[in-house]
K.L.:
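Below you will find the structure I want to go over with you.
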Amino acid sequence: MPSTLLTTSFLPSMTAIDRAQWDRLYGTYAEGFDFLVACQAAPPDAVRFSAAAVLQGDELIAGVPLLHAEFRLDMPLQGRFQPVSDWLDRHLHRYVSLPVLAAGSPYTDELGLAIDPALDEAGRRHALERLITDMLARARAPETIADLIALKDVTDAQAAWVDPILRRFGFTRVATLPVAILPLPFKNEAEYISSLTQNQRSNLRRKLKKAHGIRVEVRHSIVGLEQQIAELREATRLQAGVDYGDFEQVAPGYFAEVMRHMPGNARALLYWLDSELVGFALVFLEPRRMIFQYVGLRYPAAREHGVYFLNWMTMVRMCLELGIGELRAGQTTYVTKCRLGCRLERTWIYFRHRVPAWNLVCRSLKSLFAIDRIDPDLKTLGKEAPYFEAQSTNSSEHQVQTGWWQLMALVRGR
């Protein structure tokens, strides 16, 4: 398929193209058309959504959600480095806060790149080349003006074929937060629990015993609970101790929009202590996997009653009952999830600066973009997780500091 026959259309909304065409590309993927329309109805404050569609004539052959936001280069400077980050934001904001045009969504941990399944290898390659060429041009357009062009949360499976293409376009990749994956090849709950270590089996049983008296409810609708659920999510986000900027914000209306647009795929798992809602989880169902999207807990009641572990077992039980073989468990709480049987799947950010000279600078400072290096759980797991060891032989803190000294020298020179 010659690339000259292809065009890229930048859409204000997914709905600008008939949903049947999107469904043909996304198939049973839960975070497809309905999900992306729901996201556009409830964007985070500092994020603007759109989409890109690669067309052959009038036929959609590839598409991806787009986000427009700012990437904070000082994101790694947290904890004892937070005063430095605050000073940089006040005095050098335009140097450390770069406008970005990215393929992906802040609400997902996997790039929602849709490719026509009928395309052969050459066809996929031409479609991606057309998309990247036009995204680079779009970043220079007056209505966009993005310094960085990126693809967010590219999985290892996606990277296997997109990596050579993106590198030819001058993109650099760095690791972002991995995804915890729980394989579930078990016949029943007892087999799953038996697969854990003795210490973890004892700990899990102890936590579940504390959850006695918590009522579990699985719902297709959250009408009347929207505000409570948004508050629980925000309370849980603030417990994390790490700020990922615009990319972790959840708009208050997000949960209601998702439940309204995705009645077949989305479920709200609710946890009640008497008449008080002390926890919730949002999950998406696909034929072969469950996606654990968000959790929200009311502190200290949820901690005292082991609600997190009750929610974990509720998801495991649902998967086993439905014959779902994999729980995609998200990008947080890695220590606990690994102890509960998860492995970590790498994901990547591919990025480049629209100005070639500055792209060379960004490549030399790529450790600044490595979001996985600021997660406290990943630091705890660093000596145990083969994935984490594979990224670098140097300490993450040393690389971040070294990168920042290089950047400050560049700013002073400029």
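As a basis for the values below, the full set of heavy atoms in this structure was taken, side chains included, without hydrogen atoms, waters or symmetry mates. In this chain, numbering begins with 1 at the start of the sequence shown.
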K.L.:
For residues A146 and V100, report the shortest heavy-atom separation together with the two atoms involved.
P.N.:
CB-C, 4.0 Å
K.L.:
Is a side-chain N or O of Y107 found less than 3.5 angstrom from the main chain of F35, in a donor-acceptor match?
P.N.:
no
K.L.:
How about Q158 and L151: do any of their side-chain heavy atoms sit closer than 4.5 Å?
P.N.:
no
K.L.:
For the pair F309 and N203, evaluate side-chain contact (heavy atoms from CB on, under 4.5 Å) and give the outcome as yes or no after the intermediate values.
P.N.:
CA-CA 10 Å; F309 292 89; N203 183 58; 4.3 Å; yes
K.L.:
Checking H305 now: which residues fulfil side-chain contact (heavy atoms from CB on, under 4.5 Å) with it, not counting sequence neighbours?
P.N.:
I214, L273, V307
K.L.:
With P12, which residues qualify under side-chain contact (heavy atoms from CB on, under 4.5 Å), at least two apart?
P.N.:
none
K.L.:
Suppose we screen for salt bridge (charged side-chain N to carboxylate O under 4.0 Å, His left out). Which residues come up paired with R140, at least two apart in sequence or across chains?
P.N.:
none
K.L.:
Looking at side-chain heavy atoms only, is the closest gap between T336 and Y308 below 4.5 Å?
P.N.:
yes
K.L.:
Do you know which two heavy atoms are closest between I324 and M290, and how far apart they sit?
P.N.:
CG2-N, 3.5 Å
K.L.:
Could you walk me through whether V316 and L182 pass side-chain contact (heavy atoms from CB on, under 4.5 Å), step by step?
P.N.:
CA-CA 9 Å; V316 169; L182 178 66; 3.9 Å; yes
K.L.:
CG/L148 to CZ/R352 distance, rounded to the nearest 0.5 angstrom?
P.N.:
10.0 Å
K.L.:
Any heavy-atom pair between the side chains of F169 and I149 that's under 4.5 Å?
P.N.:
no
K.L.:
With a 6.0 Å cut-off (strictly less than), is the heavy-atom count around CZ of R288, excluding the residue itself, greater than 12?
P.N.:
no
K.L.:
Can any side-chain N or O of T236 pair as donor or acceptor with the backbone N or O of L297 at less than 3.5 Å?
P.N.:
yes
K.L.:
Taking the basic N atoms (NZ, or NE/NH1/NH2) and the acidic carboxylate oxygens, is any pair closer than 4.0 Å for R328 and D109?
P.N.:
yes
K.L.:
Check I349, D163, L166 against R173 for a side chain to side chain contact (heavy atoms under 4.5 Å, CB included) and give me the one that passes.
P.N.:
D163
K.L.:
Quick one, I222 and F280 - any side-chain contact, counting heavy atoms below 4.5 Å?
P.N.:
no
K.L.:
Tell me if a side-chain donor or acceptor on T133 pairs with a main-chain N or O of R130 at a distance below 3.5 Å.
P.N.:
no
K.L.:
Determine whether Y254 and L282 make a side-chain contact, defined as any pair of heavy atoms from C-beta on separated by less than 4.5 Å.
P.N.:
yes
K.L.:
Among side-chain atoms of T155 and E110, is any donor-acceptor pair under 3.5 angstrom?
P.N.:
no
K.L.:
Just so I know, are the side chains of L36 and E31 near enough to count as touching, which here means a heavy-atom distance under 4.5 Å?
P.N.:
no
K.L.:
Between E321 and C319, is there a donor-acceptor pair closer than 3.5 Å when you use the side chain of the first and the backbone of the second?
P.N.:
no
K.L.:
Hey, does the side chain of N359 reach the backbone of G170 with a donor-acceptor pair shorter than 3.5 angstrom?
P.N.:
yes
K.L.:
Does L60 offer a backbone N or O that forms a donor-acceptor pair with the side chain of R24 under 3.5 Å?
P.N.:
yes
K.L.:
Work out which heavy atom in A301 is nearest to a heavy atom in V278; give both atom names and the distance.
P.N.:
CB-CG1, 4.1 Å
K.L.:
To the nearest 0.5 angstrom, please state how far the OG1 atom of T314 sits from the OH atom of Y271.
P.N.:
3.5 Å
K.L.:
Is there a donor-acceptor pair closer than 3.5 Å between any side-chain N or O of K152 and the backbone N or O of S105?
P.N.:
yes
K.L.:
Decide yes or no for Q40 and E257: does some side-chain heavy atom of the first lie under 4.5 Å from some side-chain heavy atom of the second?
P.N.:
no
K.L.:
Please report the closest heavy-atom contact between A159 and V154, naming both atoms and the distance.
P.N.:
N-CG1, 3.7 Å
K.L.:
Specify the closest pair of heavy atoms between E286 and A30, including all atoms of both residues, with the distance to one decimal.
P.N.:
OE2-N, 2.8 Å
K.L.:
Taking side chain as C-beta onward, heavy atoms only, is R138 less than 4.5 Å from T8?
P.N.:
no
K.L.:
Between W22 and G63, which heavy-atom pair has the shortest distance, and what is it?
P.N.:
CZ3-CA, 3.6 Å
K.L.:
Heavy-atom count around E121 CD within 6.0 Å, excluding the residue itself: above 12?
P.N.:
no
K.L.:
Between D377 and V335 (side chain of the first, backbone of the second, donor and acceptor by atom type, cut-off under 3.5 Å), is there such a pair?
P.N.:
yes
K.L.:
In Å and rounded to the nearest 0.5 Å, what is the CG to CD distance from L225 to E231?
P.N.:
11.5 Å
